[in-house]
Amino acid sequence: MLVQAARTASLAAIRQAFCLARSGPAGWSFGLPCGLTHSAQFARRSSGSFARVCKASSKHWDGELKRQIISSADRIRFRYEPDNQKAQTDAALDKAEKAIGHRFQNRQLLRLAFTHCSASAECNTPLAWMGDAVLQLVVSEGLLARYHSESIGKLADLRSCMIDRSSCFRYAKQLGLQKFLVVGNAMDNMYSEDLPTRVFSPNIMAELFEAILGAIYVDSNLQRSSAWFTKQIGWPPSFDAAVNRFVKQSQV
């Protein structure tokens, strides 16, 4: 029952994402089939039929998504050359992939994920927007699968702590992502220029983590994104341990 409930929740989230994608980040249009917006029609479909529709539409949407995001990465033009360009050499990206724990099929996604809007008009904001939605789904499924004996109310409270700004900030810091973020000169002057120790504001760091998760999702799929979160962030063995780790940390 819980597995079926999780699948149903996932499909509902996918359907909502399809509808929201039509009005995504400014200037983005994924050209979804108009039938996807008719929720009343979906409500009358069987779960199997709905799943087939989602699968077919997902291929169309994912193709457009990847095309537009990769096209965006191809248009990156740093405002402060050549220093920012040096920050995204092949050697630097090798180190970034090692820190993240994911080998990208398309490194343009990695470049885009590490480009802040202060450094280029083409930046990681769209990927962070995607990563925020992926994080909610990954955490929701993970909580149901691991702590299914707890009430939905308790799981919802824990989820909100696991996906909030402070938690994403800690995830990014834990992975050392700040070492690879490319920012404008003015921002670099506000923070330490020592790459191993520099830490940006919680909002910038949280958005960076979401952008990395979004890039992994676009580069692969939801299943691999979930596996990556489990490997790099991890799940405590019990609900109480999860509360101690995530809830108490968010209160600090």
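Panel note: side chain N221, backbone R224; a donor-acceptor pair is recorded below 3.5 Å. Side-chain N or O atoms of N244 include one that pairs as donor or acceptor with a backbone N or O of D240 at under 3.5 Å. At least one donor-acceptor pair under 3.5 Å links the side chain of Y171 to the backbone N or O of M162. Panel note: side chain T115, backbone C123; no donor-acceptor pair is recorded below 3.5 Å. A distance-only check finds a donor-acceptor pair linking the side chain of D219 to the backbone of N106 [under 3.5 Å].
A113 and N124 make their closest contact through O-ND2, 3.0 Å (heavy atoms, listed as atom of the first residue, atom of the second, distance). In plain terms, the two heavy atoms of F246 and C161 that are nearest each other are O-CB, 4.2 Å. Nearest heavy atoms, F169 versus M205: CD1-CB, 3.4 Å.
Side-chain atoms of R146 and T230, non-hydrogen and from C-beta on, do get closer than 4.5 Å to each other. Looking only at side-chain heavy atoms (C-beta outward), L208 and F200 stay at 4.5 Å or farther from each other. For the pair L127 and I212, the minimum side-chain heavy-atom distance is 4.5 Å or more. Side chains of I100 and I216 form a contact here, defined as non-hydrogen atoms less than 4.5 Å apart. Using a 4.5 Å cut-off on side-chain heavy atoms (C-beta onward), I233 and F209 make contact. When side chains are defined from C-beta on, Y217 does not count as touching W228, because their heavy atoms never get closer than 4.5 Å.
Put simply, CZ on F104 and OG on S220 are 8.0 Å apart, with the number rounded to the nearest 0.5 Å. Between atom CD of residue E207 and atom CG of residue L181 there is a gap of 9.5 Å, rounded to the nearest 0.5 Å. To the nearest 0.5 Å, atom CZ of residue F180 and atom CG of residue L110 are 9.0 Å apart.
For the salt bridge (charged side-chain N to carboxylate O under 4.0 Å, His left out) test, no residue two or more places apart in sequence or in another chain qualifies with D157. With sequence neighbours left out, the salt bridge (charged side-chain N to carboxylate O under 4.0 Å, His left out) criterion links K154 to E150. In this view, A145 satisfies the side chain to side chain contact (heavy atoms under 4.5 Å, CB included) rule with no residue, not counting sequence neighbours. Evaluation of the side chain to side chain contact (heavy atoms under 4.5 Å, CB included) rule for R159 yields V139, S140, L143, I163 as partners, not counting sequence neighbours. Under the salt bridge (charged side-chain N to carboxylate O under 4.0 Å, His left out) criterion, E210 pairs with R165, sequence neighbours left out. Contacts of D94 classified as side chain to side chain contact (heavy atoms under 4.5 Å, CB included), with partners at least two apart in sequence or in another chain: E97, R103, R107.
Counted by atom type alone, D164 and S166 present one or more donor-acceptor pairs between their side chains at under 3.5 Å.
Between H116 and the choices I204, T125, V182, the side chain to side chain contact (heavy atoms under 4.5 Å, CB included) rule is met once, by I204.
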Residues L213, C168; criterion side chain to side chain contact (heavy atoms under 4.5 Å, CB included); working and verdict: CA-CA 11 Å; L213 183 55; C168 289; over 6 Å; no
